[in-house]
Amino acid sequence: MTTVPTLTVERPSGDDFVPTPTPALSWTTVTDTPDWVQTGAELRRDDGEPVVLEGPDSVLVPWPFAPLAPREAADVRVRVRGRDGGPGEWSEPVTVRGGFLAEGAWRAEAVGLPGPTAVAQPGLARTEFEVAGEVRSATLYATALGAYQAVLNGTDVDDQVLKPGWTAYQYRMVHETTDVTALLVPGTNALGIRFAGAWATERYGPPGRQRGFYAEQPQVAAQLVVEYADGRLEEVLTGPGWRVSPGPVVASGIYQGEHVDLRRRQPGWDSPGFDDSGWAPAEVRPSPVVPEPRRSPAVRRTEERGVVDVITTPSGGTVLDFGQNLVGRLRVRVRGGAGEVLTLRHAEVLEHGELGTRPLRRAAATDSCTLAGTGEEVWEPEFTFHGFRYAELSGVEVDPSDVTAVVVHSDMERTGWFSCSHPLLDRLHENVVWSLRGNFLSLPTDCPQRDERLGWTGDIQVFAPTAAFLYDTRGFLASWLRDLALEQRHAGGVVPFVVPNPPPRTPPRPAAAWGDAACVVPWVLFERFADRQVLADQLDSARAWTDVVVALAGERSLWEGCFQFGDWLDPVAPPDRPAAAATSPDLVATAYVFRSAQLTARAAAVLGHDEVERCYREVAERVRTAFLAEYVTPAGRMMSDAQTAYALAIAFDLAPPEQQQALGDRLAGLVREQGYRIGTGFVGTPIICDALTRTGHAATAGRLLTQTENPSWLYPVTMGATTIWERWDSMLPDGTINPGQMTSFNHYAFGAVADWLHRCLAGLAPAEPGYRVLRIAPVPLAGLDHAAAEHRTPYGPARAGWRRDGDELVVQATVPPNTTARVRLPDGRELTVGSGDHAWTCPARAPAQPSTPLGLDSPLTRLVDDPTGYAAFFEGLAAVDPALAEDVRAHTRWVPGRTVEELLGRKVPDEARADIARRLAEVGSRGSG
């Protein structure tokens, strides 16, 4: 039997409203028939005649009906047929409604508290109106330069928070569309709005030079459209006649926190009949732009977590531990006297037993509440958020069981999962998920806690593939790309470092790997979601960026001598100079000129722009030739002899196939020389395991991945991290915070390795856009017994994984209907399969055993290649002198030309040397590796 369990359409708020008159349609199929492929489909709107489609298309199928009108509703169904016979059952209907206004129909004026004042004023706005007759529907369109919540007759109109979010307000604002029919009553109704400044009135910029950018005061605009059963249409618009008042929120900011005085509550202000004669007339202000319908998922409360531990600090404070570094705020149930003040301070980590607030810089991250003294009171800040695991409560005694951490982020659908037999890797992956959740709040930010929280383009450029596996990020990132293109258009083609870009005192400067988000992120959305429209929408942006950097590369086709972030935050960079990486910034820059030209050409090819494709392919080849001549020797050595340099040449396909093996061998050698510790920053980290795997060094990638020494992916996990850190050593081994002024404990960039866990370790990747063809090619690693990934593809759930079963490996895969999979098994077999569940067995290759025993005369490479012997060596060395052991661990180059004896030199007395020799011999006698 063949059924369609899901018919989906872009509905960003989770209700029936769509942001376009012609929303694309997608559906998945469930069938008992193996190797099932759709040969056609029928789509039906309401009770009309079906539209017949031929072929296999079922993802982002263009709307085949007449365009929707504003607020028009339609019920859509689909049924499919395959080679196995006639059509299946009709799907359940999906209702869609036009969530947009007609051109020129937005007439609401923005209102706010009268000013001017020195600080942004949160407040309340209200009006009353009459409903006379039977209402067919009532739709509220609303937005804010700031953040708001609308209330109709005492009830919040939805469960969204911090709406409408942050966009490039001077160029683009969005509105929510909400069905409020059920909230209207016959006769007098009251429409109220709570509002605050949020991102719009925040002060941005480096320490000591912060300034406001978008607005001095928050403002809100709303347009309520009431349609009566008799065809009449009435509108309630913000503007003259609205009344405003300060509310209980005294002050509110994204960085500083929110301060509330519950004594200033005005019961009934949002209900009919309230006496607002003491309120002021609203000040009417011009809106920057006409808002457009929301396309990004709404921000919501998505989870609640209770206190797991109560800590008394050395200074006598009370700190609550929620067990997880998260993003959101606290909800507190409290009793106290009128005028008592409860204060909440937030931090991600503890240092010396106290809140570690130094990394917050000028962000106070402090909320406070003045109690009304009316008995039990419940308070949750509304217009701010914090990144925290710990919170210190002071001023009023509160039972920890009455405190809840409320997790807040953009409410995207979870689509990807990973698991394996290595518990630290599982925790690493969970940390990646939590960092994504915390930093996908309205826009893709770098960090959620300090005085920044900006849409850094470099971070999402490297992390987009990981994000697109874990969550349905298509609408979220496509919306953000609209802002990127607008900011870029007003900067002469240069993509700013951050989008939105609030504090441009000087014109934005281009930076490699950051501005390249204009080319990379649209391509990722096409690759993972088969979204051709985003390629079309962003092609001009991609071309403009590529043209900028090609011009900077000049006649030599090398981008050199300019400002660059380079391989940002690689481990050798000093705390105060994060761009001082081992890899030349000019090399990084030129590699990205090639990458963007290549991706622009590919996008043009998909869209059928043949001449544009030819132009940018020629550009890419010129840059490739220049890169190889300047940075790669004929023998396969990079002029920047660093991990990221080799990874770029391999992963970006800059080097020809005949050179890649030599480059891969040297990369593996560098990783071994550095003790299988990571040597990459933002640029190299997402691709180093791919570069090693492609050149036959999967075992080296495995050692790098499972390393627990600093720097490594798992070092933070061993230190108790529950999110990804900004620096490899954001917290030092002694429990102190890295001394750099830029230290975050929730920064997803280094978590981009999760994409390799999904695609290579577990073996699940797209071979064609949208997973129409899957690539099943697991790379089992020594020391792991199993690994698996599952992804909810546009065609349905797919799964790939492997497990050890004695001397065999069992590879399993689930291929969704209407797709096929290209399979490469660990024993080298290649095959193509259709939909269904599959399993294969192949021999499990045993790890190569060392041919010589371990001893003091062993080469250093022999020692570092033996994890058990390596551990025994350092246990012995630490027994002699722990400081010496750490110094040797941190500074030794593990090369074949030196022996263990030479490494020890005169630093270790004879008795201790003999003990180390004994330990190594014992390893050899019981087997190692």
Side-chain angles (χ1 to χ4, degrees), residues 457-458 461 488 492-495 509-523 526 535 538-567 583-640 642 644-664 683-684 687 691 694:
T457 50
Q461 185 268 130
Q488 178 190 16
V494 175
V495 175
R509 290 181 291 175
W514 272 250
D516 298 279
C519 304
V520 173
V521 177
W523 185 258
F526 173 66
L535 287 186
Q538 300 299 133
L539 182 61
D540 287 346
S541 167
R543 293 182 63 183
W545 168 254
T546 305
D547 290 347
V548 164
V549 296
V550 168
L552 288 168
E555 293 183 1
R556 282 167 48 79
S557 294
L558 299 170
W559 188 3
E560 51 194 354
C562 298
F563 166 83
Q564 297 292 349
F565 291 110
D567 193 22
T583 301
S584 160
D586 291 348
L587 184 154
V588 171
T590 302
Y592 267 96
V593 176
F594 169 79
R595 176 72 167 152
S596 279
Q598 183 187 59
L599 290 179
T600 302
R602 289 178 181 174
V606 170
L607 299 170
H609 302 320
D610 297 339
E611 188 59 29
V612 175
E613 177 198 3
R614 183 191 62 76
C615 171
Y616 287 100
R617 287 207 183 279
E618 290 176 356
V619 169
E621 289 309 310
R622 287 200 305 271
V623 176
R624 184 207 302 269
T625 300
F627 179 93
L628 294 173
E630 188 76 9
Y631 296 118
V632 186
T633 72
R637 292 290 285 262
M638 303 292 297
M639 300 304 292
S640 250
T644 290
Y646 290 93
L648 284 168
I650 297 167
F652 282 9
D653 284 318
L654 276 154
E658 61 271 18
Q659 259 187 333
Q660 292 218 359
Q661 190 59 55
L663 292 167
V683 168
I687 58 176
R694 283 177 54 173

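Computed from a predicted model, the values in this text were never measured in an experiment.
Under the 3.5 Å distance criterion, the side-chain polar atoms of Thr457 are left unmatched by any main-chain donor or acceptor of Ala517. At distances below 3.5 Å, not a single donor-acceptor pair connects side-chain atoms of Gln538 with backbone N or O atoms of Cys519.
Classification of the Phe526-Trp523 ring pair by plane angle, with boundaries at 30° and 60°, yields tilted.
When the side-chain hydrogen bond (donor to acceptor under 3.5 Å, both in side chains) test is applied to Glu613, the partners found at least two apart in sequence or on another chain are Arg617. Scanning for side-chain hydrogen bond (donor to acceptor under 3.5 Å, both in side chains) contacts around Glu611 gives Arg614, with sequence neighbours left out. Taking Gln564 as the reference, nothing meets the side-chain hydrogen bond (donor to acceptor under 3.5 Å, both in side chains) condition, with sequence neighbours excluded. Arg556 is linked by a salt bridge (Lys or Arg N to Asp or Glu O under 4.0 Å) to Glu560, Glu630, counting only residues two or more places apart in sequence or in another chain. Annotation: salt bridge (Lys or Arg N to Asp or Glu O under 4.0 Å) contacts of Arg543 (sequence neighbours excluded): none. Residues satisfying the side chain to side chain contact (heavy atoms under 4.5 Å, CB included) test with Pro656, not counting sequence neighbours, are Leu628, Glu658, Gln659. Under the salt bridge (Lys or Arg N to Asp or Glu O under 4.0 Å) criterion, Asp540 pairs with no residue at all, not counting sequence neighbours. For the salt bridge (Lys or Arg N to Asp or Glu O under 4.0 Å) test, no residue two or more places apart in sequence or in another chain qualifies with Arg622. Residues satisfying the side-chain hydrogen bond (donor to acceptor under 3.5 Å, both in side chains) criterion with Ser541, sequence neighbours excluded, are Gln488. Partners of Trp559 according to the ring-ring contact (aromatic ring centres under 6.0 Å, His included) rule, which considers only residues two or more places apart in sequence or in another chain, do not exist here. With sequence neighbours excluded, the residues forming a side chain to side chain contact (heavy atoms under 4.5 Å, CB included) with Gln661 are Asp665, Thr695, His697, listed by chain and number.
With Val548 as the partner, the side-chain contact (heavy atoms from CB on, under 4.5 Å) test is satisfied by one option alone out of Val495, Val593, Val494: Val494.
Considering every non-hydrogen atom in both Leu663 and Arg637, the closest pair reads CD2-N, 4.4 Å.
The side-chain tip of Arg509 points at the ring of Phe563 from less than 6.0 angstrom away and within 45° of straight on.
Among residue pairs with one or both ends in residues 585-606, those qualifying as side-chain hydrogen bond (donor to acceptor under 3.5 Å, both in side chains) are Gln461-Tyr592, Asp516-Ser596, Thr546-Thr600; sequence neighbours excluded.
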